[in-house]
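Data block below; observations after.
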Amino acid sequence: MRTPIKHVEKAVSVAANAAWAVFDRINGIKPNPSFTPKWSDKPLLKSWEKVKPKLGWPRETDSLCPRCVPEVRKKILDGELAVDILRTEKIGEIKAQVIQRDGKIWMVKDCPKHGHFEDLMSIDPAFFRHLEECFPGRDIRAHNDEKLHRHGSSTITHGRGAVLTIDLTNRCNMMCDPCFMDANQVGFVHELTWDDIKTLLDNAISIKPRRQLSVQFSGGEPTLSPYFLDAVRYARKVGYNSVQAATNGIEFAKSFEFAKQAAEAGLRYTYLQFDGIGNAANSHRLVGNLFDVKLQAITNLHNAGVEIVPVITIVNGINNEQVGAVIRFALDNPTTISFLAFQPVSFTGRDEDITDERRFAQRYTLSHLAQDVKNQTGMCEPTRDWFPISFISTFADWADLVHGPGAEWGQVSCGCHPNCGIGMAIMIDKHTKEAAPVPAFLNMEQMARDVARINDAARGKFLSVAGMAVALLRNYNPYQAPTHFRILDLLKKFDKSFGATGINYGKVSGDRSTQDIEKRRSDRWNFLFVAGMWFQDLFNYDFRRTEQCVIPYATQDGEISFCAYNTGIGWRNIIEKMHMTATLTKWYAEKGRHEIFAGNKKVALPTLEHKLTLNQADVERGKQTDLDALGIAKNAREEKLRARDEKLKQKQHDAEMERLYRKHILKEPDPEPGFVPVDTLFANGNGQAQVEEREEVGSFGD
């Protein structure tokens, strides 16, 4: 709406554009050298000093054979090979090509032993190109890290990461499909001791560049660890200002008191498993009232002062129709939800042995996400509104410059590969719920180029802040912004994110109070960040992504890339086995069995009351049935059942052929009625499969 104030703001933007021409010319004269901050032994990088992996296509990269890797991993787990072979040799590595074919981007590769493999990378080459062209380059090379980064080809070489993940336990109170860690199925317990937790957190702050990364406690289900609250408390104590928990929310939904205790310990964010709107959309997780659990968890956590990030694992044909519904949920509840994290499925853990048929049917890429947001909400343009997550690192560099050489911590910098993750920002008026994608009213590509020039000049705080203000104003289009959004709101929002001026918007440090939380929440404008993070599996693995990972795992054997730990050569399987806490038999005898919610069992909730706004049409939408119509299995368990049934049917067929051969060729009489050969005793595939499936579910719980 072009109100008088919007015309005034447009005039200010035009004036700022003229002012920028003068500022940029003067600022570019004899730029200062980069300083070396306290949190790094290497100087800040100029934009032209940032290295990039080979991008574009066709290109060659280093990948893994999906069949060689499990074979080698088994030999290591069985003791036939030493784990050090992964540090000294390129086990399972093969070359891969990234190509365009039939209007899509593919990874194709050939193993001399196992043959040809290929997988889909993008359904939109223009979008793929846009992401790679907006990649600003890698962060400062990691240093002072020799003790923690020592994993051969899987070693992280650049940056410090953005989210340090620590698995407190491999126990879980659900039996999900998909599950990248195969929780509850490995036959033993791997659970960190209190000394383990402190050691991992202490080690993490020794690496440089020493950035203010977040710490995310995960699992399994981290709330099952007896040290969960202590771990949160200790992380805040040693300096991490953003402590998170990746959780299914069951324990938080059952108890507001527990949510309050977590908040008081210092929990700032929960990454809440969230597959869609309504119990039907979550039914593939096999908990009868899982959406009700999510609503109660959100309510309790928000009331306790913890921020909620719904994390949606997207599987094509299972819940990709929920993308728009989840975004509508966030738009309808702007005072509660300010971040969404979509995670296209990674075929690892329970799904490592996936059939090609199911993999191609269920594969979901970042380009699918961008298209689904556009088609299901009608509010974004993929190549205008989405950027690689690493795009933010240019702005992090500016914050590092402004905070000066004496800062104890560097700014969080998400310098991951452009194929790893994407993000889109939406500005929402909490009062009216009017929303607009930020790139619709702020030219982000030009903005990043302007900020890079400010960074390269390396002036002091005053000129750097002034230059940023001018750059913001000149790239701002008030006519496309929400009706009540103003230039001052833009400047304040940016300052609130990076803390450039020192204005108190509510502390986020370890000593933050309830008043600080409420002060930050009182902002009229919700900057909703929608992220897509696509973790690798053996079919699309790229070592160029692994070496600049921003989500390292802290383990008893150092810090390992998320994808190298959960997929890749499978460091998780190896390290958890090496540092096994107890066999199941011993654990059961000493600790007993914890409750597991599976088989559509419901979670007992103290109340179903909440104040969240729900779109009733989204709630009542039925379960997605695309794969049923195609006759394709929906998960690893169903695939195994079908394989067992096929095997048993083949046995029955072979037995019948043998009977006919003996009767008609050898002239032998049929067996006496009631005689059942041993090899057909379990010919009823469903019954046998149900017995074996029940044994799997009971491996950790009742």
Side-chain angles (χ1 to χ4, degrees), residues 62-94 111 113-114 142 145-157 161 164-171 179-183 185-193 195-197 199-200 202-204 206-207 218-220 346 348-350 352-353 535-538 541-543 545-549 551-584 586-587:
D62 298 305
S63 188
L64 289 166
C65 171
R67 300 291 174 259
C68 287
V69 168
E71 292 174 0
V72 173
R73 186 194 307 137
K74 185 176 186 304
K75 289 182 179 180
I76 293 173
L77 293 172
D78 291 344
E80 297 177 28
L81 291 175
V83 67
D84 280 346
I85 197 173
L86 301 180
R87 309 184 204 279
T88 59
E89 299 185 25
K90 297 181 180 294
I91 300 299
E93 294 187 29
I94 57 176
C111 172
K113 180 180 178 181
H114 297 103
D145 64 334
E146 294 79 9
K147 292 182 179 179
L148 299 182
H149 290 163
R150 50 187 185 86
H151 301 95
S153 300
S154 300
T155 300
I156 299 171
T157 58
L164 179 75
T165 304
I166 298 179
D167 280 352
L168 297 181
T169 177
N170 71 342
R171 294 185 296 131
C179 177
F180 62 76
M181 71 167 294
D182 203 12
Q185 294 289 281
V186 293
F188 59 84
V189 175
H190 175 265
E191 191 154 295
L192 298 183
T193 66
D195 286 340
D196 288 334
I197 295 167
T199 298
L200 297 185
D202 290 342
N203 286 345
S206 69
I207 293 178
S218 184
S346 170
T348 187
R350 296 209 223 289
E352 187 173 75
D353 294 328
F535 299 116
Q536 302 180 88
D537 50 49
L538 289 173
Y541 203 84
D542 186 344
F543 279 97
R545 293 176 58 180
T546 305
E547 61 196 16
Q548 60 190 84
C549 177
I551 310 180
Y553 264 85
T555 78
Q556 291 110 320
D557 196 67
E559 293 187 7
I560 308 174
S561 152
F562 187 102
C563 292
Y565 192 61
N566 291 306
T567 62
I569 201 65
W571 281 93
R572 173 190 289 280
N573 309 71
I574 295 165
I575 290 174
E576 288 188 349
K577 186 71 178 290
M578 287 171 58
H579 298 276
M580 178 176 64
T581 305
T583 63
L584 285 182
K586 184 177 180 181
W587 185 271

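Owing to the predicted nature of the structure, the values given are computational and were not obtained by experimental measurement. Residue indices begin at 1 and follow the sequence shown.
Thr155 has its side chain out of reach of Arg87: every pair of non-hydrogen atoms, C-beta onward, lies at least 4.5 Å apart. Taking the side chain as every heavy atom from C-beta outward, Leu148 and Ser206 approach each other to under 4.5 Å. Contact check for Ile575 versus Ile560: side-chain heavy atoms found under the 4.5 Å cut-off.
When all heavy atoms of Gly568 and Leu64 are compared, the closest pair comes out as CA-CD1, 3.5 Å.
Side-chain N/O atoms of Ser218 and Tyr553 include no donor and acceptor closer than 3.5 Å.
The salt bridge (Lys or Arg N to Asp or Glu O under 4.0 Å) test applied to Lys74 returns Asp78, not counting sequence neighbours. Shown here are the side-chain hydrogen bond (donor to acceptor under 3.5 Å, both in side chains) partners of Asp202, two or more places apart in sequence or in another chain: Tyr234. Qualifying side-chain hydrogen bond (donor to acceptor under 3.5 Å, both in side chains) partners for Asp145, counting only residues two or more places apart in sequence or in other chains: His149.
A donor-acceptor contact shorter than 3.5 Å links the side chain of His151 to the backbone of Asp557. Proximity of a side-chain donor or acceptor of Thr567 to a complementary backbone N or O of Gln536 within less than 3.5 Å is detected. A distance-only check finds no donor-acceptor pair linking the side chain of Thr169 to the backbone of Gly220 [under 3.5 Å]. Thr348 contributes a side-chain N or O that, together with a main-chain N or O of Asn566, makes up a donor-acceptor pair within less than 3.5 Å.
The existence of a salt bridge linking Arg572 and Asp167 is confirmed by a sub-4.0 Å separation between a basic side-chain nitrogen and an acidic carboxylate oxygen.
Atoms CD and CG, from Gln556 and Leu192 in turn, are 5.5 Å apart once rounded to the nearest 0.5 Å. Distance check: Arg150 CZ to Leu86 CG gives 12.0 Å after rounding to the nearest 0.5 Å. From Thr555, atom OG1 reaches atom OH of Tyr565 across 5.5 Å, with rounding to the nearest 0.5 Å.
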